[in-house]
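Structure record follows, encoded as structure tokens.
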Amino acid sequence: MRVSRLMLVTLRDDPAEAEIPSHRLLLRAGYIRRVASGVYAYLPLLWRVLQKVSRIVREEMDGAGALETLLPQLQPAELWQRSGRWSGYTAGEGIMFHLSDRQGRELGLGPTHEEVITALAADLLRSYRQLPVNLYQIQSKFRDEIRPRFGLMRGREFIMKDAYSFHADEASLKETYAAMDQAYRRIFSRCGLRAVAVDADSGAIGGSASQEFMVTAEAGEDLILTSADGRYAANQERAVSLPNEPIALPGGARCGGAGEVVATPGQSSIEDLAAAHGFAPSQLVKVLLLLARFEDGLRQPVLVSLRGDQTLNDVKLANAVTARLGAEHGALLGIDPLNAEQIRQERLDLDLSTLPLGFLGPDLDDRLLGAESRRTDATSPDLRRSAGPGQAGVATATLKRSFLRLVDPTAADLDAFICGGNGVDQHRVGVTWAGLGPTAAADQVLDLRSAQPGDRCLHDPGQRLEASRGIEVGHIFQLGRKYSQALEARFTNESGVDEALWMGCYGIGVSRLAQAAVEQHHDGNGICWPVSIAPFELIVVIANAQDSEQVTLAEQLYSMLQAAGIDVLLDDRSERAGVKFKDADLIGIPWRLVVGRGAATGEVELVERASRDTRVLAASDVLTTVQPLLAAGRLGLTN
RNA sequence: CGGGAUGUAGCGCAGCUUGGUAGCGCACUUCGUUCGGGACGAAGGGGCCGCAGGUUCGAAUCCUGUCAUCCCGACCA
């Protein structure tokens with residue numbers, strides 16, 4: 001390809017809308033253009049990158065025995081209703097774009113394809129003899145993200161490879177899961193990316209085991225925690241650790257464990273209490289009041305007790321609440337600190353001012369939530385409005401009149417502690433769980449705290465967790481039978497008995513991966529693509545297009561390299577040399593061959609983009625020099 | 001959704017306070033000179049000043065509304 005024919009439009013100034021380096025560079029170098037918030041056109045250069053990434057993905061998926069397909073993006077609501085994900089994905093902060101067709105049928109644009117594929121599997125897979133099967137596709141996905149950002153990093157339309165496997169038993173699922181794990185490691189390494197596999201939360205997809213693949217980069221949206229010995233790596237959403245030892249409360253239990261009441265005027269935060277009374281944060285139990293919103297209208301107040309020096313992990317909390325109530329009340333739509341705005345919006349019959357916020361204890365009385373009396377009016381206009389259009393049949397919000405009490409072990413394990421006095425401006429010192437009496441009894445004691453960098457590792461307390469940031473480019477799940485049961489995807493096993501299929505699913509954000517590569521491989525002058533996914537492997541630059549000797553030699557080399565199967569670009573523009581060098585650096589072609597002053601004597605210059613290493617060689621030696629270099633680069637990371 | 005900011009030529013910006021009919025740099029076109037790290041000179045082309053109302057003799061500028069985009073947040077009572 002000739003640069004003169006490439007529709008190359010590079011920008012000298014950074015576009016104001018771009019924050020992180022990869023986003024800026026993709027815009028400046030003419031790889032993408034924004035069409036709407038979170039929606040981008042992939043220009044010819046980027047399309048070549050995406051195709052190269054896709055090819056690597058295909059080779060590895062095919063090599064692992066998977067079958068390529070292409071599934072519809074437009075999907076009937078009915079399919080999603082059957083899996084139980086329709087309202088979770090469309091109501092509230094749901095991320096599915098959805099619409100009604102001319103017949104009034106509801107449809108959604110696929111954010112993922114579990115439903116469609118499982119329905120197909122139900123249709124096609126009948127016998128254990130057909131199993132296992134692993135189907136994949138590479139295509140656009142649609143997610144109405146709360147906040148699209150960073151270009152392709154979090155777009156609303158993006159390219160994804162997703163694969164779904166079906167099995168006769170769990171052992172077979174684990175086998176394919178392991179094969180995908182290996183395939184993924186090869187894919188990222190072949191793309192030239194440094195990636196780490198981390199334990200992950202399964203989130204809305206559901207299922208048991210899951211692992212994310214993170215490209216390490218400063219601009220990553222995820223915090224990952226790893227041990228120095230490499231034996232533990234997890235997303236902070238999921239990470240576990242040993243908390244620090246608490247500082248024992250001087251004096252221990254007081255007043256038989258009921259605690260001694262202390263006036264704490266206006267001191268409603270851990271910091272205030274510590275400053276005013278010299279308490280250590282680890283001597284306190286903080287009590288957080290949240291409200292969980294369920295699909296069927298249940299509004300469940302949740303009281304979480306956590307040691308004062310610890311931080312609540314939202315994801316763990318949401319999982320715990322879903323585990324306890326999801327089966328009965330449907331999808332968890334959200335869980336947020338209880339606030340007046342929400343109460344007003346949903347017309348909940350609750351007076352926040354009766355609650356001593358900031359001074360709560362684990363034994364807060366259920367009666368403060370009021371009695372089961374007036375119910376929310378089903379035809380309340382506010383509720384209907386907040387539910388949004390096309391949401392016929394939205395459940396009425398109903399407040400549960402008792403707390404769901406959850407306690408983190410860091411709090412449960414304290415012998416004696418300080419906590420809120422359940423009255424404004426008072427706390428209690430020297431409280432024990434036994435002393436609080438039956439009201440404080442937790443519905444569940446379970447891990448709800450966020451592991452922090454510096455925490456001791458579970459597998460080896462001698463090691464401490466280290467933090468780094470990562471961009472999630474892949475995620476593999478063992479789904480189990482969640483979808484197959486919901487959608488009745490069943491097969492006949494060896495003994496003639498019908499049972500639900502075991503499933504796994506495996507995603508790679510192809511367009512995100514391309515940007516992650518830029519994030520990991522760039523410098524002050526532009527992008528430094530790994531050879532294996534670069535839009536072109538080598539660029540021949542004619543330093544002076546007015547010099548016919550240079551042009552002739554460059555054209556010869558260009559033809560020869562092309563004939564040798566190299567993805568080569570020829571910069572034949574009548575620009576000055578400096579402009580062409582700048583552009584070559586910016587768009588990030590890994591190797592540059594300059595035909596310039598030495599052309600008369602048959603000498604050219606070969607420059608490696610990333611390192612700037614330069615060597616002068618005879619034009620006749622170009623092919624033999626370049627071929628092994630490119631061959632090595634095409635393998636991706638070599639170690 | 002809450003908070004903050006911004007919409008003026010393809011990109012980056014000025015002009016707005018104090019209303020008088022739009023400007024700078026880059027990019028683009030033509031010509032000349034130049035030619036190995038974003039050249040120089042000359043001459044050009046391109047803008048319902050986001051959109052809709054209002055005030056005014058007159059609005060990019062003032063007022064109201066609206067739309068869009070970006071940033072921070074959805075975190076502790």
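Reckoned from all heavy atoms, side chains included, excluding hydrogens, waters and symmetry mates.
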Taking the P atom of each, how far is B/A5 from B/G45, in whole Å?
39 Å
Name the pairing partner of B/U21, where a pair is Watson-Crick or G-U wobble with both distances under 3.5 Å, or state none.
none
Nucleotide forming a Watson-Crick or wobble pair with B/C62, both distances under 3.5 Å
B/G54
Could you tell me the separation between the CE atom of A/M7 and the P atom of B/G10, rounded to a whole number of Å?
16 Å
Taking only the C1' atom of each, what is the distance from B/U30 to B/G53 in whole angstrom?
45 Å
For residues 311-318 of chain A, dump all side-chain donor-acceptor pairs below 3.5 Å to protein atoms at least two apart in sequence or in another chain.
{"unit_1": "A/N313", "atom_1": "OD1", "unit_2": "A/V315", "atom_2": "N", "d": "2.9"}
{"unit_1": "A/N313", "atom_1": "OD1", "unit_2": "A/K316", "atom_2": "N", "d": "3.0"}
{"unit_1": "A/N313", "atom_1": "ND2", "unit_2": "A/Q236", "atom_2": "O", "d": "3.2"}
{"unit_1": "A/N313", "atom_1": "ND2", "unit_2": "A/E237", "atom_2": "O", "d": "3.1"}
{"unit_1": "A/K316", "atom_1": "NZ", "unit_2": "A/A239", "atom_2": "O", "d": "2.8"}
{"unit_1": "A/K316", "atom_1": "NZ", "unit_2": "A/D447", "atom_2": "OD2", "d": "2.7"}
{"unit_1": "A/K316", "atom_1": "NZ", "unit_2": "A/R449", "atom_2": "O", "d": "3.0"}

Check for me whether A/R592 meets the cation-pi criterion with A/F581, that is, NZ or CZ under 6.0 Å from the six-membered ring centre and within 45 degrees of the ring axis.
yes
Residue matched to B/C16 through Watson-Crick or wobble contacts both under 3.5 angstrom
none
Identity of whatever pairs with B/G46 - Watson-Crick or G-U, under 3.5 angstrom:
none
When the distance from CG of A/L306 to C1' of B/C75 is rounded to whole Å, what number comes out?
12 Å
Quick test: give all pairs of protein nitrogen or oxygen and nucleotides 69-71 of chain B nitrogen or oxygen below 3.5 Å, distance rounded to 0.1 Å.
{"unit_1": "B/U69", "atom_1": "OP1", "unit_2": "A/S37", "atom_2": "N", "d": "3.2"}
{"unit_1": "B/C70", "atom_1": "OP2", "unit_2": "A/S37", "atom_2": "OG", "d": "3.0"}
{"unit_1": "B/C71", "atom_1": "OP2", "unit_2": "A/R147", "atom_2": "NH1", "d": "3.3"}

Keeping to residues at least two apart or across chains, list the salt bridge (charged side-chain N to carboxylate O under 4.0 Å, His left out) pairs with something in residues 609-620 of chain A.
A/D523-A/R609, A/D585-A/R609, A/D585-A/R612
Using a cut-off of 4.0 Å on non-hydrogen atoms, how would the nucleic acid contact of A/L289 be classed: base, sugar-phosphate, or nothing?
nothing
Without decimals, in angstroms, what is the distance between A/Q426 CD and B/A77 C1'?
15 Å
A/L273 has an atom CG; how far is it from atom P of B/C76, in whole Å?
16 Å
What does A/D583 touch in the nucleic acid at a heavy-atom separation under 4.0 angstrom: a base, only the sugar-phosphate, or nothing?
base
Going 5' to 3' along nucleotides 26-37 of chain B, which nucleotides have protein heavy atoms under 4.0 Å from the base (write B), which only from the sugar-phosphate (write S), and which from neither (write -)?
SS------BBBB
For nucleotides B/G7 and B/U17, find the distance between their P atoms and express it as a whole number of Å.
15 Å
What's the spacing between A/R324 CZ and A/L446 CG if we round to 0.5 Å?
9.0 Å
Measure the distance from CG on A/L11 to P on B/G38 and round it to the nearest whole Å.
18 Å
All ring pair (Phe, Tyr, Trp, His ring centres under 6.0 Å) counterparts of A/F279, not counting sequence neighbours:
A/H277
Write down the distance between CD (A/E221) and P (B/A74), rounded to a whole number of angstrom.
12 Å
Say we look at B/A59 and B/A43: how far apart would their C1' atoms be, to the nearest angstrom?
34 Å
Considering only atom C1', compute the distance from B/U56 to B/U21 and round it to an integer number of Å.
14 Å
In whole angstrom, give the distance that lies between atom CG of A/L8 and atom P of B/G38.
18 Å
Considering only NZ, NE, NH1 and NH2 on the basic side and carboxylate oxygens on the acidic side, decide whether A/E575 and A/K580 come within less than 4.0 Å.
no
Whichever of A/P15 and A/G358 has the more 5' nearest nucleotide on RNA chain B, that residue is A/P15
Residue met sooner reading RNA chain B from 5', once A/K286 and A/R33 are mapped to nucleotides
A/R33
Note: A/D572-A/R5 ion pair, threshold 4.0 Å (strictly below):
no
Using Watson-Crick or G-U wobble geometry with both distances under 3.5 Å, which nucleotide pairs with B/U34?
none
Work out how far the P atom of B/G25 is from that of B/A9, and round it to whole angstrom.
16 Å
Taking the same atom, P, in B/C11 and in B/C48, what whole-Å distance lies between them?
14 Å
Are A/W591 and A/F536 close enough that their ring centres sit under 6.0 Å apart?
no
Pair listing, salt bridge (charged side-chain N to carboxylate O under 4.0 Å, His left out) test, anchored in residues 32-47 of chain A, at least two apart:
A/E17-A/R34
Apply the ring-ring contact (aromatic ring centres under 6.0 Å, His included) test between A/Y31 and each candidate in A/Y42, A/Y40, A/W529; give the one that qualifies.
A/W529
Tell me: CD1 of A/I32 to P of B/C11, nearest whole Å?
14 Å
Roughly how many Å apart are B/C72 and B/U61, using the C1' atom of each and rounding to a whole number?
30 Å
I'd like to know if A/D363 and A/R428 make a salt bridge, using a cut-off of under 4.0 Å between side-chain N and carboxylate O.
yes
Could you identify the nucleotide paired to B/C70, looking across every strand shown and requiring Watson-Crick or G-U wobble geometry with both distances under 3.5 Å?
B/G4
Does the B/G38 base have a donor-acceptor partner in the side chain of A/R573 within less than 3.5 Å?
no
